[in-house]
Amino acid sequence: MLPIDVAAHSSRWRHRHPVDKAVLGLGLTVLAISLPPWPGAALVLVTALAVLLGPAGVPGLRLWRAYRVPLGFCASGAVTLLVQVGGPDGWLSLADGGAVRAGELMLRTSAASLGVLLFAFTTPMSDLLPRLVRAGVPAPVVDVAMVTYRMSFLLLDSVRRIREAQAARLGHTTRAATWRSLAGLGATAFVRSFDRAARLQSGLAGRGYDGTLRVLVPEARVSVPFTAGAVGLLTAVTVLTFVLERVLP
């Protein structure tokens, strides 16, 4: 399993209903996008960090390892706003107001990413996907998502085992050997993925698969106090944003 999935299964909020956590995590994401970057997105970022490291109990190092990937995409997108191509100053020059726009984009995207991570770090996919059918998502779509989710872990495990076997046979000692090992890794993973898919199809057919995967869903109810607290927190962030916007320059 991926570290973020391990964290979700061991989270303090593991047994809460996904709706409770969606209101808080995805609500913060919506605020990060809709509120002014300063101070709105900054407040959302601080709030999401406080909830993740505090009540949610996510370890800081594990959060950073998951956060640095979307943070890199946020930074790469913001950097492009610093320059402009063409114009009177040459084919490449600093854009007027580029630093401000880059900072605003960085605040928005990094805060929104933390809101999504708050939901991901506290909600296992095995709890979320089966409940999507009750929410009106077609069952075949959910079944494909569940199978893809499962197969992705099997594929990653196969890739890891192949790489370990190649390294044990000195397959990464030179650049040429590394390229040969990479080609072999891709070919072997491709063949194994099709083999696993065929075995999965045979296993489902042998168990009388009728187009719907039936799984046990942990019992959980929407917590009115938790949801009300989440809505109150979102409201407080919104109000504080407009108050600080008038006070701060």
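Just so it is clear, the structure is predicted and the values come from calculations on it, not from any experiment.
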For Arg108 and Pro36, which heavy atoms make the closest approach, and how far apart are they?
NH2-CA, 4.1 Å
If Ile, Leu, Val, Met, Phe, Trp and Tyr residues are connected whenever their side-chain heavy atoms lie under 4.5 Å apart, and connections chain through other members, are Phe121 and Val19 in the same group?
no
Return all side-chain donor-acceptor pairs below 3.5 angstrom for residues 161-170, not counting sequence neighbours, or 'none' if the list is empty.
{"unit_1": "Arg161", "atom_1": "NE", "unit_2": "Asp157", "atom_2": "OD2", "d": "2.9"}
{"unit_1": "Glu164", "atom_1": "OE2", "unit_2": "Arg160", "atom_2": "NH1", "d": "3.1"}
{"unit_1": "Gln166", "atom_1": "NE2", "unit_2": "Ser181", "atom_2": "O", "d": "2.8"}
{"unit_1": "Arg169", "atom_1": "NH1", "unit_2": "Ala165", "atom_2": "O", "d": "3.2"}

Give the minimum heavy-atom separation between Ala56 and Thr122, together with the two atoms involved.
CB-CG2, 4.1 Å
What closest approach, in Å, do Leu82 and Ala102 show between heavy atoms, and which atom pair accounts for it?
CD2-CB, 3.8 Å
Is there a path of hydrophobic side-chain contacts, each under 4.5 Å between heavy atoms of I, L, V, M, F, W or Y residues, that connects Leu71 with Leu63?
yes
Of all residues at least two apart in sequence or in a different chain, which pass the side-chain contact (heavy atoms from CB on, under 4.5 Å) check with Ala8?
Pro124
Any donor-acceptor pair under 3.5 Å from Ser76 side chain to Phe73 backbone:
yes
Residue pairs meeting side chain to side chain donor-acceptor pair (under 3.5 Å), one or both in residues 222-233, sequence neighbours left out, come to Asp20-Thr227
So do Trp38 and Leu43 actually touch side chain to side chain, heavy atoms under 4.5 Å?
no
Pairwise side-chain contact, His17 with Arg221, heavy-atom cut-off 4.5 Å (strictly under)
no
Who else is in the cluster with Val116 when I, L, V, M, F, W and Y are joined by side-chain contacts under 4.5 Å?
none
Verify the cluster assignment for Leu53 and Val51: are they in a single hydrophobic cluster under the rule of side-chain heavy atoms below 4.5 Å apart?
yes
Hydrophobic cluster membership, with links at side-chain heavy-atom distances under 4.5 Å among I/L/V/M/F/W/Y: are Val222 and Val231 in one?
yes
Is Val23 linked to Leu118 within one hydrophobic cluster, defined over Ile, Leu, Val, Met, Phe, Trp and Tyr using a side-chain heavy-atom separation of less than 4.5 Å?
no
Quick check for you: to the nearest 0.5 Å, what is the distance between Ile33 atom CD1 and Thr109 atom OG1?
10.0 Å
With sequence neighbours excluded, what pairs up with Ala198 under the side-chain contact (heavy atoms from CB on, under 4.5 Å) test?
none
Measure the spacing between OG1 of Thr123 and CZ of Arg14 and express it to the nearest 0.5 Å.
9.5 Å
Listed by chain and number, what are the ring-ring contact (aromatic ring centres under 6.0 Å, His included) partners of Phe226, not counting sequence neighbours?
Trp13
CG of Leu52 to OG1 of Thr47: how many Å apart, nearest 0.5 Å?
11.0 Å
Return each pair, listed once, that meets ring-ring contact (aromatic ring centres under 6.0 Å, His included) where at least one residue sits in residues 156-191; pairs must be two or more places apart or across chains.
Phe190-Phe194
Work out which heavy atom in Arg101 is nearest to a heavy atom in Leu81; give both atom names and the distance.
O-CD1, 3.7 Å
State, yes or no, whether a side-chain contact exists between Arg192 and Thr188 at a heavy-atom distance under 4.5 Å.
yes
Looking at Ser11 and Ala7, would you say the former's side chain and the latter's main chain have a donor-acceptor pair under 3.5 Å?
no
Excluding sequence neighbours, so at least two apart, what forms salt bridge (Lys or Arg N to Asp or Glu O under 4.0 Å) with Arg199?
Asp195
With sequence neighbours excluded, tell me which residues meet side-chain contact (heavy atoms from CB on, under 4.5 Å) with Leu45.
Leu49, Tyr67, Ser110, Ala111, Leu114
Please list, one pair per line, the donor and acceptor atoms closer than 3.5 Å that link side chains of residues 236-243 to other protein atoms, with sequence neighbours excluded.
{"unit_1": "Thr238", "atom_1": "OG1", "unit_2": "Leu234", "atom_2": "O", "d": "2.9"}
{"unit_1": "Thr241", "atom_1": "OG1", "unit_2": "Val237", "atom_2": "O", "d": "2.7"}

So the salt bridge (Lys or Arg N to Asp or Glu O under 4.0 Å) pairs with at least one residue in residues 41-68 (sequence neighbours excluded) are none
If you look at every heavy atom in Leu244 and Pro39, which pair is closest and at what distance?
CB-CG, 3.7 Å
Shortest non-hydrogen contact between Pro18 and Leu128, atoms and distance:
CB-CD1, 4.2 Å
For Arg12, what residues pass the side-chain contact (heavy atoms from CB on, under 4.5 Å) criterion, not counting sequence neighbours?
none
